[in-house]
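Small disclaimer: the values here were computed from a predicted structure and weren't measured. Every chain is numbered from 1 and lettered A, B, ... according to where its sequence line falls, protein lines coming before strand lines.
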Amino acid sequence: MSDQATTHEKYYVPEKSSMAVFATIGLIMSTFGAATAMNQATFGDGEASFTTMYIGLCIFAAVLFSWFRITIKENLAGMNSVQLKKSYVIGMFWFIFSEVMFFAAFFGALFYVRTLSGPWLAGEGEGGAWNHLLWEGFQYSWPMMQTPQEAVGGVSNQVMANMGTFTSAHKSMAFAEVDAWYKWLPMWNTIILLTSSGTVHIAHEGLLSGNKSRFNLWLGITVGLGVIFVGLQMLEYYEAYAHFGLTLNSGVYGSTFFMLTGFHGFHVLMGTFMLGVQLVRSLKAGHFTSDDHFGFEASSWYWHFVDVVWVGLFLFVYIL
Amino acid sequence: MGDHHHGPAQGLSRWLFTTNHKDIGTMYLWFSFAMFILGGAFAMIIRAELFQPGMQLVEPAFFNQMTTLHGLIMVFGAIMPSFVGLANWMIPMMIGAPDMALPRMNNWSFWILPPAFLILASTLFMEGGAPAFGWTFYAPLSTTYAPPSVTYFIFSIHVLGLSSIMGSINIIATVMNMRAPGMTYMKMPLFVWTWLITAFLLVAVMPVLAGAVTMMLMDIHFGTSFFSAAGGGDPVLFQHVFWFFGHPEVYIIILPAFGVVSQIIPAFSRKPLFGYASMVYATAAIAFLSFIVWAHHMYTVGMPIAGELFFMYATMLIAVPTGVKVFNWITTMWRGSMSFETPMLFSIGFLVLFTIGGFTGLMLSIAPADFQYHDSYFVVAHFHYVMVAGAVFSMTAAVYYWLPKWCGRMYNETMGKTHFWISFIGFNVTFFPQHFVGLAGMPRRIPDYALQFADFNMMSSIGAFIYGASQIMFLYNVIATIVAGKPTSDEKVWDGAEGLEWTVATPAPYHTFETPPAVR
């Protein structure tokens, strides 16, 4: 029972905390504000006002800042037992798992459209019996360069009601120009993100061996790579909208493309920010030792997760 | 900070700022009861409208809002939070932990619930009315044809999901990390086991629900076409994503109920639970199967025959582990020294009625037969046998069972038993006739119906009013117990009860197991 005694030293339970209530105010203001603004933009005739949402987000950010600050202080004060730290590890693991399942919903939608409902719309298989009544002339291909709506000649010729017009892109994001392969941004993004998983690992090794300057250097490189990735992704979106005609309105190809890459890009931004915070903590406050660096470790797990999602994206959104 | 803990703070700040699992559990329980009353009031409006054929009291549009909000509030506001509240109260006490693993997050996951439901309920007063597309919010009803309030609905679902995910992560961390020395996994009370598995399910599927409502949001406001065939999407895609969440969701609701009953039946049979290990494996098997059966809700949307067959056989498999459970509960009672206090009555009521609901579920799982049953009142009867007689009865049993431990006072047994019998009769009068009208062809979610269904519907409505009224008696009994019940200080309120929660003082002190107990 000797090891039981060490893992069951006193578990720190904070007496009380006002952060939950303020976080709730921030969260509810931002969601309510977002809903109101979206409704004003879509259904209303007035100008959409995002003020409530922005105030809510500011409150929320401030609460998160102080929440993490308090947690870090408690840890530095030695209040966190081995057992408590394990709770954080478990919490982070299952949080990442929930994120995986969030992406699974969108990947699932992509696979469903590509293997089942897309061909059915074009009249193939058991599901295609109504093609000649609804979407006569629609041919399925992926990337989908002509929506069923366009195939029948626009909204006015359409049997089904819908949410507006869907205009296809004239160029997809798939790999096309063999001669100019070096201009294909997704390839560079893949190289950057895979490299960054390696650099964050080198940083971790450096920390484990007690080499803080190596840690800082390679963590800094990782953050830099993250920023470059987000920059290239923004460039790609600009190209899509400005030159390819690929928008959120481009039918289901545009929907899946932007939602998958968009949520991934947002997660990269989050991960870069998280790693950046750890870098600042290490540089400015001298945090992290070789045996106590969970803030960094959790951020690096998150980073690896974002990397794995990108590999799935690269395969199923860009290549296959 | 002091090294020893004090009692609760005074006033409102105790509840707003608390990190105590018992306070948070209490708030969850009261909140879910309030939602139970609200969702129940909506149900009463539905049954009043259906008391007689023809349009009686409300407009059809309002009727649809009532069915929608009744379902959403009962599932997300009443049943789920009530079991989370129970988990908060009981899991630390059952495994010998000082509190939940992440106490501050625990408080947050509660406090985002009330405003989220406030937003959801406030849609009733918005222009265009509340969501009226059913609790399953199928596209395109919930996208192309939705009222503007759908946006608020979407964001409240996001917030509820966040709450559930945080609550589940907390439960997983607590169970995995906070067990007292010697409390191995296979010694955990079954309630803890069922909640651990439920929490895994929640973390796996709530994000998928978030994905579904996000796709709706994008379709409505940002021009995407996930659920619009004109853009190459598919409305049926919504149903797939929704039910990939929705089917595990119904097990999320029922598994903790299994856990509660597995605590109570042994206590009042004065025998250990029969087949403990098989109960654990059956729970895990049900959880696994819940991920591969979702399309049995969609037999009639036009799936390929291979899909129909796969989902039919996979669904039927669920009957096996469920049968194991029912067998074990009955065998636990076999030759037990049984007594029939209120918790036991509700547990036996659960067992009988849940089994009926399970059998009608088996009928519905047969794809060719389901073409007849689909979207009829037979389905309504089936899931109310599982949701009400399953989840709500077991939750009621849990409250009667642990209430003396929580507040150190005994409830009024006569009133408890009366509550049981009125509930039991009221419930069956409400829902048993719905099997018949359903098989005879009455569709669900309609404010008016053909004349041949009139008698059974009137019976149903009378039963619903009886069942609804019996909950007032429940509320009265609980409040009367807390305020003026007969004090008890027995650590073990029930002589047959086993488990760590019965080793602490009664009423349970504000902090329990600050040093972990030794478990042999």
Side-chain angles (χ1 to χ4, degrees), chain A residues 1 4 8 11 13-21 23-24 27-28 31-32 34-35 38-39 41-43 83 86-87 90-91 94-95 97-99 101-102 104-106 108-109 112-113 117-118 121 125-127 135 144 147-149 158 160-164 166 248-249 251-253 255 259, chain B residues 1 9 13 16-19 98-99 101-104 107-108 111-112 115 119 143-144 148 151-152 155 158-159 165 169 172-173 176-178 181 203-208 210-212 215 218-226 228-234 236-237 240-241 244 302 304-305 516:
Chain A
M1 295 300 269
Q4 291 284 16
H8 284 82
Y11 196 90
V13 179
E15 286 270 327
K16 58 181 190 174
S17 163
S18 59
M19 287 180 302
V21 171
T24 303
L27 180 73
I28 296 298
T31 49
F32 188 85
M38 286 179 193
N39 271 9
T42 306
F43 304 111
Q83 194 189 7
K86 198 176 162 200
S87 291
I90 295 170
W94 288 100
F95 168 66
F97 177 70
S98 79
E99 292 269 45
M101 292 308 292
F102 182 75
F106 290 91
Y112 176 80
V113 169
S117 74
L121 273 176
E126 287 177 79
W135 312 109
M144 192 181 282
T147 60
Q149 186 179 67
Q158 189 180 302
M160 318 274 283
N162 74 350
M163 311 281 303
F166 304 113
L248 280 169
N249 282 291
V252 78
Y253 175 67
S255 308
M259 292 310 281
Chain B
M1 75 137 217
S13 76
L16 286 174
F17 301 154
T18 187
T19 52
D99 205 297
L102 304 160
R104 279 180 290 229
N107 191 29
W108 193 36
W111 273 110
I112 58 179
I119 292 175
T143 52
T144 313
T151 316
Y152 295 93
F155 279 105
H158 272 307
V159 175
I165 291 169
I169 289 175
I172 294 173
M176 290 177 80
N177 194 31
M178 305 281 284
V203 179
V205 301
M206 291 314 282
V208 176
M215 290 181 215
M218 297 304 290
D219 271 15
I220 293 168
H221 292 291
F222 299 100
T224 59
S225 47
F226 285 104
S228 182
D234 184 3
V236 179
L237 170 62
H240 281 291
V241 183
F244 185 83
I305 194 79

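Contact annotation for B:L237: both backbone and side-chain heavy atoms come within less than 4.5 Å of a heavy atom of chain A. The contact between A:Y112 and chain B is made entirely by side chain atoms (from C-beta outward), counting heavy-atom distances below 4.5 Å. Residue contact with chain B, scored on non-hydrogen atoms closer than 4.5 Å, involves the backbone and the side chain of A:F106 alike.
The two atoms that bring B:D234 and A:S117 nearest to each other are OD2-CB, 3.3 Å, heavy atoms only. Among all heavy-atom pairs drawn from B:W108 and A:A20, the shortest one is CD1-O, 3.1 Å. Contact record, A:W135 with B:A229: CZ2-CB, 3.7 Å, taken as the closest heavy-atom pair. The shortest heavy-atom contact between B:T224 and A:F166 is O-CE2, 3.8 Å. Taking each heavy atom of B:G232 and A:V113 in turn, the nearest pair found is O-CG1, 3.8 Å. Here the closest heavy-atom approach between residue B:G231 and residue A:P148 is recorded as C-CD, 3.9 Å.
Ranking A:S17, A:A104, A:A109 against chain B, the residue ahead of the rest is A:S17, based on heavy-atom pairs under 4.5 Å. Interface check for chain A: of the options B:M215, B:M206, B:H158, the most heavy-atom pairs under 4.5 Å are formed by B:M215. Your options are A:A105, A:A35, A:A23, and the one with the most heavy-atom pairs under 4.5 Å with chain B is A:A35. Among A:N39, A:T147, A:L121, the residue making the largest number of heavy-atom pairs under 4.5 Å with chain B is A:N39. Counting heavy-atom pairs under 4.5 Å between each of B:L102, B:T18, B:I172 and chain A puts B:I172 at the top. When the candidates A:A34, A:G125, A:S87 are compared by the number of heavy-atom contacts under 4.5 Å with chain B, A:S87 comes out ahead. Highest contact tally toward chain A, considering only B:F226, B:W111, B:F244, is held by B:F226 [criterion: heavy-atom pairs under 4.5 Å]. The residue among B:P103, B:G233, B:G211, B:P148 with the most heavy atom pairs within less than 4.5 Å of chain A is B:P148. Highest contact tally toward chain A, considering only B:A173, B:A212, B:A9, is held by B:A173 [criterion: heavy-atom pairs under 4.5 Å]. Interface summary for chain A: among B:D219, B:V205, B:I220, the most heavy-atom pairs under 4.5 angstrom belong to B:I220.
Using modelled atom types, one side-chain atom of B:T19 and one backbone atom of A:P14 make a donor-acceptor pair closer than 3.5 Å. A donor-acceptor pair is defined here as one N or O able to donate and one able to accept, closer than 3.5 Å; such a pair exists between the side chain of B:S225 and the backbone of A:V252. One N or O on the side chain of B:N177 and one on the backbone of A:Q83 form a donor-acceptor pair closer than 3.5 Å.
Distance check: B:Y152 OH to A:T31 OG1 gives 10.5 Å after rounding to the nearest 0.5 Å. Atoms OG and CG, on A:S18 and B:N107 in that order, are 10.0 Å from each other to the nearest 0.5 Å. One distance of note links CE of A:M38 with CZ of B:F222; it measures 4.0 Å at 0.5 Å rounding. Note that NE2 of B:H221 is 13.5 Å distant from CG of A:L248, once rounded to the nearest 0.5 Å. Rounding to the nearest 0.5 Å gives a distance of 8.5 Å between CZ of A:F95 and CD1 of B:I165.
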Task: Candidate pair A:I28 and B:V159, rule side-chain contact (heavy atoms from CB on, under 4.5 Å), full reasoning - done: CA-CA 8 Å; A:I28 296 298; B:V159 175; 4.2 Å; yes
- [ ] Decide yes or no on side-chain contact (heavy atoms from CB on, under 4.5 Å) for B:D99 and A:Y11, but give the supporting numbers first.
- [x] CA-CA 9 Å; B:D99 205 297; A:Y11 196 90; 6.0 Å; no
